[in-house]
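Take a look at the structure below.
Just so we're on the same page: letters track the sequence lines, and every chain starts at 1.
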Protein chains: 2
Amino acid sequence: MSAPVSQRTRGRLSRERVATAALELADADGLEALSMRTLADRLGVGTMTLYGYYRNKDELLDAVVDAAMEDGEGGAPPLEGDWREQLRGLVLKARRNLLQHPSLVELRVRRPVLRPEALRFSETALGILRGAGLDVREATAAFRLLFTYTFGFAALSPAESTEEDRRAALAALAALPPNEYPALTEAREEASMAMGGEEVFEYGLERILDGLEVRLGR
Amino acid sequence: MSAPVSQRTRGRLSRERVATAALELADADGLEALSMRTLADRLGVGTMTLYGYYRNKDELLDAVVDAAMEDGEGGAPPLEGDWREQLRGLVLKARRNLLQHPSLVELRVRRPVLRPEALRFSETALGILRGAGLDVREATAAFRLLFTYTFGFAALSPAESTEEDRRAALAALAALPPNEYPALTEAREEASMAMGGEEVFEYGLERILDGLEVRLGR
DNA sequence: ACCTGAACACCGTTCAAGT
DNA sequence: ACCTGAACACCGTTCAAGT
């Protein structure tokens with residue numbers, strides 16, 4: 001903060017500064033709000049200046065993924081316990097990172113992410129599953145299940161569903177003919193409330209871990 | 001086909017014809033290819049003509065969801081067997097529909113879908129889970145798990161991954177330092193091949209059903 | 001009544017020009 | 001060397017005008 005960095009670097013850009021600003025913009029206002037024009041404006045430069053740092057928007061988005069993943073690395077304690085506790089810890093850590101950087105999910109839905117930083121999650125999960133006794137093929141499929149659930153939940157169950165969203169969901173459910181939709185009618189409170197709750201996420205995670213335990217033993 | 005429909009209706013539009021054409025366009029070329037201009041062109045009318053049938057693009061997209069869901073209704077045999085077989089049958093039916101209409105997934109990721117047609121899946125799943133003995137709250141959470149997995153897999157594991165995609169994935173995995181990514185290096189063939197395969201999907205589904213069975217009994 | 005071109009406020013990106 | 005305005009080919013949508 002108060003380090004003797006040259007004042008002259010204040011306004012200067014770098015690939016890193018551009019990527020960080022892009023990540024902040026995307027996380028705050030959603031990926032659709034991240035346009036080259038808006039980002040350049042926010043950085044106080046002309047739009048085309050950004051193309052001096054990144055060849056195109058796709059390349060910038062890759063850097064945004066990297067920035068978000070690096071952010072998720074630090075701080076967490078190493079994984080402990082048996083395979084189940086380790087997997088739970090890993091998934092919950094990934095979920096925390098996805099909640100902090102919703103743009104990661106949007107980016108991943110648009111195209112597969114193959115950046116080394118982003119593959120750390122895969123590596124760790126695969127390692128735990130192999131260590132627990134699954135062969136390469138089954139460990140890969142089991143990883144896919146955990147990955148799909150974690151990212152899918154973030155993509156499909158909006159964490160910050162506004163009161164308005166919830167009311168709209170409840171209204172839609174209340175408008176259904178009860179004789180055609182008896183189960184949904186009965187469950188409409190729960191269905192409209194708990195869409196993105198942590199409790200619901202963790203319930204599903206434990207069922208998945210139960211399912212893996214059936215194959216792996218304790 | 002050869003019914004005596006007035007020739008004059010040939011070029012005439014209707015809400016339904018517009019929605020059907022939009023669905024075809026989105027399924028064939030992806031949701032991002034569905035623009036009001038492109039759609040109007042394909043229908044041989046001026047762009048603004050479409051606004052005579054739908055107030056705006058959002059309203060048209062709702063109609064696209066409806067058209068895709070109706071398409072998934074017919075034909076399938078009623079669900080049979082115990083709760084596990086019924087859930088498996090329901091999920092696989094939903095998956096088939098999502099594969100046929102990839103735009104459904106893209107639309108669902110963008111915003112919650114609350115159309116009655118789209119809620120039939122929820123209704124049926126909830127009914128099976130309640131019938132199996134779960135209370136309202138737990139049945140809702142279990143449904144969320146099944147829904148997240150089914151839609152998440154479709155959103156995150158491209159079914160039609162081209163040879164080129166697979167090669168890009170393999171290349172990215174091969175470029176990782178093996179000492180830092182031992183498990184991914186060992187599994188890189190499986191990881192790059194099986195991303196979206198039906199086998200992988202069904203493996204995960206069976207683990208989820210196993211996990212529910214732990215709570216439900218046979 | 002039904003349809004639509006022009007226009008506006010947005011995109012990403014190319015190109016040629018500024019310093 | 002570094003930066004950037006104008007321009008092009010796209011968006012969704014409003015508005016005023018055509019038949």
Side-chain angles (χ1 to χ4, degrees), chain A residues 5-67 103 106-107 109-111 113, chain B residues 5-67 103 106-107 109-111 113:
Chain A
V5 205
S6 157
Q7 282 289 96
R8 295 226 211 76
T9 62
R10 206 205 54 174
R12 293 205 117 306
L13 286 186
S14 64
R15 279 174 67 90
E16 210 193 335
R17 262 178 59 85
V18 173
T20 305
L23 176 62
E24 279 167 18
L25 183 56
D27 281 340
D29 300 343
L31 198 57
E32 83 285 353
L34 171 57
S35 80
M36 299 303 268
R37 284 165 157 95
T38 308
L39 179 60
D41 261 19
R42 177 154 316 193
L43 289 166
V45 296
T47 306
M48 293 316 301
T49 303
L50 299 180
Y51 287 80
Y53 298 92
Y54 294 96
R55 220 190 308 276
N56 51 40
K57 195 177 181 182
D58 262 21
E59 206 182 280
L60 170 60
L61 292 179
D62 275 344
V64 169
V65 172
D66 288 345
S103 40
E106 294 179 68
L107 285 166
V109 167
R110 271 164 215 243
R111 65 243 179 103
V113 167
Chain B
V5 205
S6 158
Q7 282 290 96
R8 296 230 210 75
T9 63
R10 208 205 51 173
R12 291 207 118 306
L13 286 185
S14 64
R15 279 174 68 89
E16 209 191 336
R17 262 178 60 87
V18 173
T20 305
L23 176 62
E24 280 166 18
L25 184 56
D27 281 340
D29 301 344
L31 198 57
E32 85 284 354
L34 171 58
S35 79
M36 300 301 269
R37 284 164 155 96
T38 308
L39 180 59
D41 262 18
R42 178 155 313 192
L43 289 166
V45 296
T47 305
M48 293 316 301
T49 303
L50 299 181
Y51 287 79
Y53 297 92
Y54 294 97
R55 219 189 310 275
N56 51 39
K57 195 177 181 181
D58 261 21
E59 205 182 281
L60 170 60
L61 291 179
D62 275 345
V64 169
V65 171
D66 288 344
S103 41
E106 295 180 66
L107 285 166
V109 168
R110 270 163 215 243
R111 65 241 179 103
V113 167

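- Just one of A/Asp41, A/Leu60, A/Asn56, A/Thr49 meets the side-chain contact (heavy atoms from CB on, under 4.5 Å) condition when paired with A/Met36; it is A/Leu60.
- B/Leu34 comes within 4.0 angstrom of sugar-phosphate atoms only, judged by non-hydrogen atoms across all strands, and of no base.
- Of the possible polar contacts, one joining the A/Thr20 side chain to the A/Glu16 backbone as a donor-acceptor pair under 3.5 Å is found.
- Contact check, B/Tyr53 against C/dC3: a side-chain N or O comes under 4.0 Å of OP1 or OP2.
- Phosphate contact (OP1/OP2 of C/dC11, side-chain N/O of A/Thr38, threshold under 4.0 Å): present.
- Panel note: side chain B/Tyr54, backbone B/Arg15; a donor-acceptor pair is recorded below 3.5 Å.
- Contact annotation for A/Leu50: no contact, since no heavy-atom pair falls under 4.0 Å across all strands.
- To the nearest angstrom, P of C/dG12 lies 11 Å from CZ of A/Arg110.
- Note: CG (A/Leu31) to P (C/dG12) measures 10 Å, nearest angstrom.
- The structure places CG of B/Leu61 at 11.0 Å from CG of B/Asp66, a figure rounded to the nearest 0.5 Å.
- Protein atom CG of B/Asp41 is 11 Å distant from nucleotide atom P of C/dT4, rounded to whole Å.
- Using a 4.0 Å cut-off between charged nitrogen and carboxylate oxygen, B/Asp62 and B/Arg111 count as a salt-bridge pair.
- Among the protein residues, B/Tyr54 comes within range of no part of the nucleic acid, since none of its heavy atoms lies under 4.0 Å from any strand.
- Using Watson-Crick or G-U wobble geometry with both donor-acceptor distances under 3.5 Å, D/dG18 finds its partner in C/dC2.
- For the pair A/Lys57 (side chain) and A/Leu34 (backbone), a donor-acceptor distance under 3.5 Å is present.
- B/Ser35 comes within contact range of the sugar-phosphate backbone alone, with a heavy-atom separation under 4.0 Å but no base atom that close.
- With rounding to the nearest 0.5 Å, the separation of CG in B/Leu39 from CD in B/Glu24 is 10.0 Å.
- Atom C1' of nucleotide D/dG12 and atom CD of A/Glu32 are separated by 15 Å, given to the nearest angstrom.
- Pair assignment for D/dA7 gives C/dT13, based on Watson-Crick or G-U wobble hydrogen-bonding distances that are each under 3.5 Å.
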For nucleotides 13-16 of chain C, give me every protein contact, N/O to N/O, under 3.5 Å, one pair per line with atom names.
residue, atom, partner, partner atom, Å
C/dT13, OP2, A/Tyr51, OH, 3.0
C/dT13, OP2, A/Lys57, N, 2.9

